[in-house]
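Some notes on the structure that comes next.
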Protein chains: 2
Amino acid sequence: MALNANIGIVHYHCGVMVDSQPGLRERARRAIQKEITEAAQQLFVDRGYEATTIDDIAEAAGLSRRSVFRYFSSKEDIIVGKFAFIGETIVAILRDRPLDEAVWRSLRLGLDVLVPYVDDPDKQDMAESMQRIVFASPALLASYLEKLERIQIACDHVLRDRAAARGAPVAPADPRPRAVVGAAFSCLLAAQHSWLADSGRQAFAACLDAAMTALAPVEPQPDS
Amino acid sequence: MALNANIGIVHYHCGVMVDSQPGLRERARRAIQKEITEAAQQLFVDRGYEATTIDDIAEAAGLSRRSVFRYFSSKEDIIVGKFAFIGETIVAILRDRPLDEAVWRSLRLGLDVLVPYVDDPDKQDMAESMQRIVFASPALLASYLEKLERIQIACDHVLRDRAAARGAPVAPADPRPRAVVGAAFSCLLAAQHSWLADSGRQAFAACLDAAMTALAPVEPQPDS
DNA sequence: CCAGAGTTGGCACTGAATGCCAACATCGGC
DNA sequence: GCCGATGTTGGCATTCAGTGCCAACTCTGG
């Protein structure tokens, strides 16, 4: 069990549960999740996504099939689960932007949290492989797009809250905030395709900028 | 077997296989597909999507589980399969628009093929139910978004071909056509959300227009 | 009436996902 | 250091989606 050796049972004297915010238990959980993810990614790269079973992943990660499902709610979640967290980050950034900033710029800054996942030279190879796998597998792609959709819905809410805070509330049936958010996320998808199209030779951030400058809300704010 | 009675075995004298373009066999196939779809939709509305099994659908449609999979490649496909056809229609429309037309307008006209599916007063109730079910079920939503993604990729190709035909080819790694197409489809999603938000009281086409006028490519054509 | 082509339904199997439970480890107090 | 409470694990059984296979049936054409 390389796992148990690795969790890092630091067990301080017993006392006051000395651990930084996440809690010791939570840190162990994340460490195992990370191991599963890495084992799975390797298998997906080697054999492909559909050709890899959960049993394969469980064996490679050194735990039982049943336990894999305790760490990830589904096979897709192993790859795409992190987007729940990324989504929360984007939403938080969006919420904290100054109220008078142009929406399009706020969205660009929100999407910036994705850049380090891709443009980091260390992870670039793996990032490219995984993106290719996601776009190649219908099930993974579907799951990925669904996650993005959920993030977009959350961003839409934030934009409406911000419009209201600005004193210019938007009707619930007004499609414009949702359309603007969707357009920004389409730029993300477009940037991913571009980035893959020439194998990460140009920076992902540059692709994103190229896409987002080609498009813009007709009005700086979705009211007027 | 209400089915067999209904397929409409018109079996003309034997002679020349008198049938309009699709071929008799193909028409029978479509009729059965339609029956399965309708039976399934009813069940989904009654019990919800995940609570309905393929066996339920097979029984309601009067055929075997195995045969259902001969007509639809998956459970989601029963609802979302028609988008393969719709996508082809959109692509065809896009391809046939005049080369000097503004891209945004061409896309708006392409998306117009969806309007009759929704704004038809006869089908409106069912259309609303089904859209709610799609957005409520993660699996269906994921599948729907994946279908839209495939259509967008096809539209992206058309736009690039048209740019080339116009004498202003776009680099394969240029994200702009993809971004513009994605923005248009985001308007579609936004319009669906709006339309559902006040229960189809306003026309779907109006929602689509509201979304698409709030957004536009920075340049009329994605070159220059 | 018969031969061939296509359709059907049943059967067996894989793989994902979930519920359940007994075995085990860990952490608290004593 | 012992012991009960709590949480984690692995195994088992089950459901459901999806696929391959094959024998039985149906319809068409000769």
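Residue numbers begin at 1 in each chain, while the letters A, B, ... track the order of the sequences.
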Which is true for B:Phe72 with a 4.0 Å heavy-atom rule: it touches a base, it touches only sugar-phosphate, or it touches nothing? nothing
How long is the span from the OG atom in B:Ser137 to the CD1 atom in B:Ile79, to the nearest 0.5 Å? 10.0 Å
Are B:Arg160 and B:Asp174 ion-paired here, with the side-chain N under 4.0 Å from a carboxylate O? no
Taking NZ, NE, NH1 and NH2 as the nitrogens, is one of them in A:Glu149 or A:Arg178 under 4.0 Å from a carboxylate oxygen of the other? yes
Rounded off to whole Å, could you give me the [atom1]-to-[atom2] distance for the [X] and [N] pair?
X: B:Leu63; N: C:dG10; atom1: CG; atom2: C1'; value: 14 Å
X: B:Asp77; N: D:dG18; atom1: CG; atom2: P; value: 9 Å
X: A:Lys75; N: D:dG18; atom1: NZ; atom2: P; value: 14 Å
X: B:Ile79; N: D:dA17; atom1: CD1; atom2: P; value: 14 Å
X: B:Leu140; N: D:dA17; atom1: CG; atom2: C1'; value: 14 Å
X: A:Ile32; N: D:dG7; atom1: CD1; atom2: C1'; value: 13 Å
X: B:Gln33; N: C:dT7; atom1: CD; atom2: P; value: 12 Å
X: A:Arg66; N: D:dT9; atom1: CZ; atom2: P; value: 11 Å

If we ignore angles and hydrogens, is there a donor and acceptor under 3.5 Å between the side chains of B:Gln202 and B:Asp198? yes
Of A:Arg65 and A:Val68, whose nearest nucleotide on DNA chain D comes first from the 5' end? A:Val68
Is B:Tyr49 close enough to D:dC16 that one of its side-chain N or O atoms is under 4.0 Å from OP1 or OP2 there? no
Return no unless some side-chain N or O of B:Ser64 is found under 4.0 Å from OP1 or OP2 of C:dG10. no
Starting from the C-alpha separation in whole Å, work towards a yes-or-no answer on side chain to side chain contact (heavy atoms under 4.5 Å, CB included) for B:Phe83 and B:Arg150. CA-CA 10 Å; B:Phe83 282 92; B:Arg150 306 251 173 243; over 6 Å; no
Below 30° counts as parallel, above 60° as perpendicular, anything between as tilted: where do the rings of B:His193 and B:Phe135 land? tilted
Looking only at side-chain atoms of B:Tyr71, point me to the closest of C:dT8, C:dA17, C:dG9. C:dT8
Check the surroundings of atom CD in B:Glu59: do more than 12 heavy atoms from other residues, nucleotides or ligands lie under 6.0 Å from it? no
What I want to check is whether an N or O donor and acceptor connect the side chain of B:Arg29 with the base of C:dG6 at under 3.5 Å. no
When only distance counts, do a donor and an acceptor, one from the side chain of B:Arg70 and one from the base of C:dG6, lie under 3.5 Å apart? no
Neighbours of DNA chain D within residues 51-59 of chain B, by heavy-atom distance under 4.0 Å: B:Thr52, B:Thr53, B:Ile54
